Amino acid sequence: MARFVTIAAGQLGPIARSESRTAVVSRLMALMRQARACGCDLIIYPELALTTFFPRWYFEDQAETDSFFEREMPGPETQALFDLAREIGIGFYLGYAELTTEAGIARRYNASILVDKSGAIVGKYRKVHLPGHAEHEPWRAFQHLEKRYFEPGGGFGVVDAFGGKMGMAICNDRRWSETYRVMGLQGVEMVLIGYNTPVHNPPAPEHDDLSLFHNHLVMQAGAYQNGTFVVGVAKAGLEEGVDQIGGSCIIAPSGEIIAACTTKGDEIALARCDLDLCNSYKRTTFNFDVHRQPRAYEMIVERKGVTTMADGTPVPRRG
Ligand code: CDV
């Protein structure tokens with residue numbers, strides 16, 4: 001018997017630094033209503049979806065940095081989104097900056113939650129792969145200070161929700177094959193990913209023309225190699241002078257893109273996903289139990305990076 005879950009990729013256009021959370025939540029609610037009117041069970045929003053992408057600026061004042069973080073979820077401005085989800089019966093994935101206190105110490109994460117149709121949080125994820133740099137680098141056209149403002153999360157879990165096994169990742173995580181494989185080993189059937197990706201990569205401008213290609217390449221490969229749906233959702237367009245890619249899409253376990261946004265603004269792309277389509281891949285080509293050879297992969301967890309280049313020189317750092 002087919003297990004259908006109807007998905008909306010809820011892409012956002014730019015969010016200005018001056019835009020209030022309440023205004024952003026209204027935009028999210030408008031997309032949510034459209035998705036539900038189209039019969040969707042779940043809408044996926046981007047990374048850090050409640051504010052502008054603040055790691056592009058260097059702040060010395062902690063209070064200024066913290067103004068972009070959520071201290072509670074739902075909080076006063078986000079409660080309306082949870083209320084609407086429950087009222088109309090739709091779930092959502094939401095990326096946001098999380099400020100929490102553990103043993104009296106403030107901790108900051110680039111986080112996402114999965115909320116079910118009753119408005120309950122059923123999954124929580126903290127971004128593992130934080131790109132960019134920790135110190136001010138004025139040579140860049142814009143900063144990417146995720147390594148300064150966040151600490152990495154602890155791993156990739158999978159939850160039973162929406163009739164299947166759902167996993168989450170955030171932006172740069174999608175470029176790492178380990179992200180998908182760790183969830184693949186837990187039987188994941190749908191990986192939800194929000195992102196903010198500038199077209200221009202200051203340390204490697206030679207990649208700029210390939211940014212949309214790389215976006216789809218990694219998510220399509222992750223889907224196929226793990227027999228899972230992947231949903232990638234952008235915050236796109238010209239945000240505070242920085243052009244960000246769109247390319248939001250829904251990918252089947254075959255690796256094929258089955259729905260995609262066509263603008264760089266607020267837009268939904270829809271797909272009715274049969275989670276049982278994962279089985280054909282999980283039981284044959286990518287039957288891990290039958291075909292994987294973990295002993296041959298030991299180096300993956302034993303070492304972090306390449307220690308030397310092929311010619312014996314240390315690996316140089318660029319960006
Ligand atoms: N928000 C991100 O993680 N962005 C990175 C950029 C910096 C390359 C990404 O992987 O898209």
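All of these numbers come straight from a predicted model, not from anything done at the bench. Residue numbers count from 1 along this sequence. Counting starts at 1 for both ligands and their atoms, following the listed order.
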Any residue meeting salt bridge (charged side-chain N to carboxylate O under 4.0 Å, His left out) with Arg107, in chain and number order, not counting sequence neighbours: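 Partners of Arg107 by the salt bridge (charged side-chain N to carboxylate O under 4.0 Å, His left out) criterion, ordered by chain and then number, come out as Glu102, Glu151.
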Residues lining ligand 1 [heavy-atom distance under 4.0 Å, listed by chain and residue number]: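 Lining ligand 1 at under 4.0 Å, by heavy atoms, one finds Glu47, Phe53, Lys127, Pro131, His144, Glu146, Cys171, Asn172, Arg174, Arg175, Asn196, Thr197.
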SB check Glu98 Arg71 (cutoff 4.0 Å):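 Arg71 and Glu98: not salt-bridged.
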Looking only at heavy atoms, what is the nearest atom pair of [X] and [Y], with distance?
{"X": "Ala260", "Y": "Ala269", "value": "C-CB, 3.6 Å"}
{"X": "Phe162", "Y": "Val115", "value": "CZ-O, 3.5 Å"}
{"X": "Lys165", "Y": "Gln186", "value": "CD-O, 3.5 Å"}

Donor + acceptor pair across side chains of Thr179, Arg175 (<3.5 Å):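 Their side chains do not contain a donor-acceptor pair, so the 3.5 Å distance test is not met.
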